[in-house]
K.L.:
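Got a structure for you, written out below as structure tokens; questions coming shortly.
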Amino acid sequence: LAKVTALEDRALVFIGFMGAGKSRAIRAARSAGLETIDADELVERELEMPIVEFFDRRGEAEFRARERAVVVPLLDGARGGAVALGGGAVLHEPVREALRGHLVVWLDVDVETAWRRARRRERPLARDRDAFVALHAERTPLYASLADAFLPGGDDVAARALPHLLSLRAAPAGARLLWGASASGEYPGFVGAGLLGAIGWPVAGRRFCVADATVARLHGRSLGALDATIEVASGERSKTLAEAERVLGELAGAGMRRDDHVVALGGGVVGDLAGFCAAVYQRGVGVVQVPTTLVGQVDSAWGGKTGVDIAAAKNYVGAFHQPAAVIADTATLATLPAPELAAGFVEVVKTALIAGGELWDRVRAIEALDADSVAPLVAPCALVKLRTVGEDERDSGARAVLNLGHTVGHAVEAATAYRRYRHGEAVGLGLLAALRLSDADGLREEVRALLARHGLPIALDPDVATEGVLAAVERDKKAGAEGVGFVLVERPGEVATGQLVDGARVRSAIEELKGER
Ligand SMILES: NC(=O)c1ccc[n+]([C@@H]2O[C@H](COP(=O)([O-])OP(=O)(O)OC[C@H]3O[C@@H](n4cnc5c(N)ncnc54)[C@H](O)[C@@H]3O)[C@@H](O)[C@H]2O)c1
């Protein structure tokens, strides 16, 4: 059989756990006019009996061998179209090899939903709940490692995502689609090198760009023709109500209507500012986030938090406003100044500590920090954020894990009037404090070495008053009605939120930072 050569020849291959909605995805693809194959149906035909029955009579090992014999040639021969694989098909190395030529779409389903559905359908591997839960945990990283596109499974998301999956199929190799979904809405997020200009624009309507002035000069052309461009001076000083008012006035002056959308081109500053303007302009228009910093690509562009600073505090005025789409073109990172890349890397380290597993191993192994070494980490980090926000859009519970390192980090920023450290640099110091408070001494040492290796501060300037940082920690904790505890880490991947810590220990963790060399 001929190998797949043209991008468009790739099939969309849906993978995922039992109950993830692969058959529904296939039906959606069929309704959209794609040629489709459900591998389980083919395997059953070959077995000449239902899979459940074969499993019971002959056992899993024999089933897997027969499954492989059907699935590998099927994938090798697939051109275009869509294929759904059984949940365990990807356990075979030859199947994983055959997937390489195609566009792999992971339908991610939470274990509760999966159990409910699999029970209903009497799947052979859904008889013992504990074993089912363990299997789900074991397979998830495998699906994640194979996926070009991530869709939270469950409802008919595949039908809505299909146009974007087809657009991904034509995108430069290595591009990813991450589907953001939370209570208030859903959106496609594209991540990859050279995406701008290479993929079809994911949102209809006219485009009103709010751009960081530096980024407009470097990358503005990649967006093609725009209906208006409003430049914003680079830097945190632009994140104000006054600047928001100016931008809103210019959007109105340029004739923006409800069915048009804002394009936010730049780092977290422009993303937050333009996102906020989009949230309030005529009570809400769409915003396509086009992040160009590492902070933006792994963190701020995703999840819908927008806002500006006021004199009382940073990010004090804002709105939850999920983007209409995100396009994170990792090629733009090549022009990012090294200290900005390093500051963004701290959010990568934070995310990897939360996720643990393979992501942590990849992050700790980075020798030299540059656009090429971090680009492959953008999609996995953004995915950790999306999966967390999906559970808790408005920051009332699960989303709190993302604040790892931020309690002391924010306090350091506040105590130094937001001038001495970049946000990421302060969070790096906050991570070291959080790891001390977690009694994770070995891990603290490792993170300290990692930050130092990449030129990030590991010591707090001795002239920063401990009292000032402590007072800011207290203010930060009181931001919630009941006070918010610390996020602590036992080991990578094992994080606990809302942990109360004795004030004396916080003081000594901060003093320790001042004594670091
Ligand atoms: N909304 C959220 O969830 C969230 C999360 C994290 C951070 N934030 C916010 O993000 C802001 C920090 O964002 P940031 O770190 O991206 O800073 P930033 O937006 O200020 O960008 C940093 C600098 O890099 C320049 N720059 C951006 N992209 C470039 C490129 N590709 N090439 C060359 N130069 C480039 C900018 O001009 C700027 O000088 C803070 O205000 C923070 O509060 C928001």
Side-chain angles (χ1 to χ4, degrees), residues 234-241 243 266-273 276 293-296 298-300 303 305-318 337 339-351 353 395 399-437 447-448 451 454-480 483-487 501 506-507 509-514 516:
S234 306
E236 187 74 26
R237 273 166 310 160
S238 287
K239 239 178 84 173
T240 61
L241 277 172
E243 189 62 0
V269 163
V270 154
D272 281 8
L273 172 73
F276 177 64
T293 60
L294 190 53
V295 169
V298 300
D299 189 356
S300 62
K305 279 192 185 177
T306 73
V308 296
D309 309 331
I310 57 172
K314 216 170 109 76
N315 295 330
Y316 233 50
V317 172
E340 296 297 344
L341 196 71
F345 183 67
V346 176
E347 300 288 1
V348 171
V349 173
K350 176 202 81 172
T351 308
L353 284 171
D395 215 353
R399 192 168 179 165
V401 296
L402 299 172
N403 285 334
L404 173 62
H406 282 62
T407 311
V408 168
H410 279 154
V412 165
E413 285 186 279
T416 54
Y418 301 97
R419 295 220 179 84
R420 185 103 43 114
Y421 301 100
R422 288 180 176 81
H423 174 69
E425 293 169 346
V427 171
L429 296 171
L431 282 178
L432 296 179
L435 289 165
R436 172 62 70 232
L437 299 175
V447 170
R448 183 178 169 278
L451 298 178
H454 299 306
L456 284 151
I458 49 167
L460 184 59
D461 294 345
D463 61 334
V464 177
T466 306
E467 296 309 323
V469 180
L470 279 170
V473 166
E474 281 312 308
R475 275 201 302 280
D476 195 58
K477 288 203 300 181
K478 291 200 180 89
V484 186
F486 279 86
V487 185
V501 178
V506 180
R507 175 186 295 273
I510 292 166
E511 278 168 354
E512 180 184 13
L513 286 175
K514 289 167 71 172
E516 293 274 11

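Excluded from the calculations below are hydrogen atoms, water molecules and symmetry mates; all remaining heavy atoms, backbone and side chain alike, are included.
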K.L.:
Do E236 and H423 pair up side chain to side chain, a donor and an acceptor below 3.5 Å, judged on atom types alone?
P.N.:
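Per modelled atom types, E236 and H423 side chains form no pair under 3.5 Å.
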K.L.:
How long is the straight-line distance from CG of L431 back to CG of L451, given to the nearest 0.5 Å?
P.N.:
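These two atoms lie 7.0 Å from each other.
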K.L.:
Using every non-hydrogen atom in the two residues, find where A414 and A472 come nearest and quote the distance to one decimal.
P.N.:
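Answer, listing the atom of A414 first, then A472: CB-CB, 4.1 Å.
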K.L.:
Nearest 0.5 Å, please: how far is OG1 in T293 from CD in E347?
P.N.:
10.0 Å
K.L.:
Is there a side-chain contact between T351 and L402 (heavy atoms, below 4.5 Å)?
P.N.:
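SC-SC contact between T351 and L402 ruled out.
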K.L.:
Which heavy atom of V464 sits nearest to which heavy atom of R420, and what is that distance?
P.N.:
CG2-NH1, 3.7 Å
K.L.:
If you take all heavy atoms of R399 and G303, which pair is closest and at what distance?
P.N.:
NH1-O, 3.3 Å
K.L.:
Do the side chains of V308 and T240 get nearer than 4.5 Å, heavy atoms only?
P.N.:
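No; the side chains remain at least 4.5 Å from each other.
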K.L.:
Rounded at 0.5 Å granularity, tell me how far CD1 in I510 sits from CG in L429.
P.N.:
10.5 Å
K.L.:
With a 4.5 Å cut-off on side-chain heavy atoms, are E243 and D309 touching?
P.N.:
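Counting from C-beta outward, D309 and E243 never come under 4.5 Å.
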K.L.:
Do NZ/NE/NH1/NH2 and the carboxylate oxygens of K314 and D272 come within less than 4.0 Å?
P.N.:
no
K.L.:
Could you tell me if the side chain of V427 sits less than 4.5 Å from the side chain of Y421, heavy atoms only?
P.N.:
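Result no, sub-4.5 Å side-chain heavy-atom pair not found.
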K.L.:
I want to check something: taking the side chain as every heavy atom from C-beta on, are L241 and F276 in contact at a cut-off of under 4.5 Å?
P.N.:
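They are in side-chain contact.
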K.L.:
Are V506 and F486 packed together at the side-chain level, in the sense that at least one heavy-atom pair is separated by less than 4.5 angstrom?
P.N.:
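SC-SC contact between V506 and F486 confirmed.
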K.L.:
Any chance you could measure L470, atom CG, to R507, atom CZ, to the nearest 0.5 Å?
P.N.:
5.0 Å
K.L.:
Check step by step if side-chain contact (heavy atoms from CB on, under 4.5 Å) holds for V408 and V473.
P.N.:
CA-CA 6 Å; V408 168; V473 166; 4.2 Å; yes
K.L.:
Classify the side-chain pair N315/K305 by whether it contains a donor and acceptor separated by less than 3.5 Å.
P.N.:
no
K.L.:
Would you name the heavy atoms of K239 and G307 that are closest together and state the gap between them?
P.N.:
CE-O, 3.6 Å
K.L.:
Are I458 and L513 close enough that some pair of their side-chain heavy atoms sits under 4.5 Å apart?
P.N.:
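A side-chain contact under 4.5 Å is absent here.
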K.L.:
Roughly how far apart are D461 CG and T416 OG1, rounded to 0.5 Å?
P.N.:
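One finds 8.5 Å between CG of D461 and OG1 of T416.
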K.L.:
Starting at CD of E340, measure out to CZ of F345 and round the result to the nearest 0.5 Å.
P.N.:
15.5 Å
K.L.:
Over all heavy atoms of both residues, which pair between L404 and L353 is shortest? Give the atoms and the distance, please.
P.N.:
CD2-CB, 3.9 Å
K.L.:
Given side chains that start at C-beta, do those of H406 and K350 come closer than 4.5 Å, heavy atoms only?
P.N.:
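Touching, per the 4.5 Å side-chain cut-off.
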K.L.:
Is E511 salt-bridged to R436, going by a charged N under 4.0 Å from an acidic O?
P.N.:
no
K.L.:
At their closest point, which heavy atom of A343 faces which heavy atom of E425, and how far apart are they?
P.N.:
CB-N, 4.4 Å
